[in-house]
Amino acid sequence: MQIDLSDTGSGPALLFLPGSYSTKEAWKGVQAALQGSYRVISTSLPGYGATPEIRSDLVADMALMQEFVAHVVGRIGEPVHLIGHSFGGLTALASTLSGAVEPLSVITFEGNPIYSLPQQGEFVWKHQVLEVGEKFEQAYERGDADAAALIIDYWGHEGFFAAMPETVRNFCRATTYTNVLDWRAAAGFTPRVSEFSSIDVPSSLVRGELANDAIVEITGLLSQIMPSATQHIVPSAGHFLISTHAEQCAAIIDDHMAGFYSG
C-alpha cells in the first residue's frame, strides 16, 4: 500500500494523524514547537496528500481506516504514541477501541466520535450533526463547489471557510468527496460512550475553549469514562487549534510524554 509518510528524528515514536481536509503537513507547526526528542512520524489519511483513497461508495466504514492505521503502525516497526486531530482523532480512538492497534498512549485534539451513543436517550446536539451531514452530502451531489463550507463552518464558525486563503479553499474543494467518505465512516462508528472505558492507556483529550457543543460534551464524557484520560482545554482556541495554537498543543504533547516516561 502506498502511504504518504514522513519519518524523522529519534526517540519515542509519535504517529501523527491529521484530520479531514488536510495532509501530514498540518502538524508542521506543532512538530516544530516540540521540545522533547522524538521519532516523529506523520501520515496523510486515505484520499489526502499522496495516500490513495481505499474507500468507495460501496464501502466507507471505520474498519478500513483502522486497517490503514494498523498498516502504518506495522511499517513503523515499534510501539507508538498515537496522536490525532479531528477525524484523525476519531480514527485514533476507533483503532484503539477495536484493538486494531495497541498504542502506548493516545493524544487527541478535538477528536470527534460524535455518532457515539449515550447510555440512554440522545445527545441534544445530535439532530444538528445529522442535519449538517445530510446537507453536506446533498450539496456535494448537486455539484456545489463550496459544499466544504458547510463542514468547515460547522467545526469553526460561520464565515470561516470564506475567510480561508484561496489555495486552502481550492484544496478543500478538490477533496470534498474524500470528506464525504470521512463523514460516512464516522456515521457508521456508533459505540456506546461507555465502551471507551476499555481504553486504559494514558490519554490526553484536548479541545479548544471555543469548541462546539458536540466536542465539549464528548470530550468531557470520554475524559471521565476512559480510566487513564485527562482533559485539556486550550484557551481561546477553536477546532483548528493545531494550526492556530501550535505552541500550546506542542506543550501538551511534551507534558504528556514527560508524564508517561516519568512513570
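Residue indices begin at 1 and follow the sequence shown.
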Could you list the donor-acceptor pairs under 3.5 angstrom formed by side chains in residues 73-84, with sequence neighbours left out?
| from | atom 1 | to | atom 2 | distance (Å) |
| --- | --- | --- | --- | --- |
| Glu78 | OE2 | Arg39 | NH1 | 2.8 |
| His81 | ND1 | Ser105 | OG | 2.6 |
| His81 | NE2 | Tyr261 | OH | 2.9 |

ask   = Taking Thr51 for the side chain and Ser44 for the main chain, is one N or O donor matched with an acceptor at less than 3.5 Å?
value = yes

ask   = Do any N or O atoms from the side chain of Asn112 and from the backbone of Ile114 form a donor-acceptor pair under 3.5 angstrom?
value = no

request  = Find out whether Leu205 and His232 are in side-chain contact, i.e. whether some heavy atom of one side chain is under 4.5 Å from a heavy atom of the other.
outcome  = no

key: Gln231 versus Thr219, side-chain donor and acceptor atoms under 3.5 Å   = no

message = Between Asp61 and Arg184, does any NZ, NE, NH1 or NH2 come within less than 4.0 Å of an OD or OE carboxylate oxygen?
response = no

inquiry  = Between Glu110 and Val206, is there a side-chain heavy-atom distance shorter than 4.5 Å?
reply    = no

ask   = Do the side chain of Ser203 and the main chain of Val201 share a donor and acceptor less than 3.5 angstrom apart?
value = yes

query = Under 3.5 Å, is there a donor-acceptor pair between the Gln66 and Ser98 side chains?
reply = yes

query = Does Glu25 pair with Lys28 as a salt bridge, N-O distance under 4.0 Å?
reply = yes

request  = Consider only side-chain N and O atoms of Gln119 and Ser194, and report whether a donor and an acceptor are under 3.5 Å apart.
outcome  = yes

query = How far apart are the C-alpha atoms of Tyr48 and Asp182, what are their side-chain angles, what is the distance that settles it, and do they pass the side chain to side chain donor-acceptor pair (under 3.5 Å) test?
reply = CA-CA 11 Å; Tyr48 298 103; Asp182 293 346; 2.6 Å; yes

request  = Return the orientation label for the His239 and Trp155 ring planes: parallel under 30°, perpendicular over 60°, tilted otherwise.
outcome  = parallel

ask   = If only atom types and distance count, is the side chain of Asp4 paired as donor or acceptor with the main-chain N or O of Ala50 below 3.5 Å?
value = yes

ask   = Would you say Ser56's side chain and Val59's backbone share a donor-acceptor pair under 3.5 angstrom?
value = yes

inquiry  = Under a plain distance cut-off of 3.5 Å, with no hydrogens placed, do Ser236 and His245 share a side-chain donor-acceptor pair?
reply    = yes

task = Taking Asp254 for its side chain and Gly36 for its backbone only, find out whether a donor-acceptor pair lies under 3.5 Å.
result = yes

query = Heavy-atom distance under 4.5 Å between the side chains of Phe171 and Thr175, does that happen here?
reply = yes

ask   = Using 4.0 Å as the upper bound for N to carboxylate O, is an ion pair formed by Lys126 and Glu217?
value = no

query = Where the side chain of Arg192 meets the backbone of Ser116, is there a donor-acceptor pair that is under 3.5 Å apart?
reply = no

message = Any side-chain to backbone donor/acceptor pair from Ser22 onto Gly19? Under 3.5 Å, distance only.
response = yes

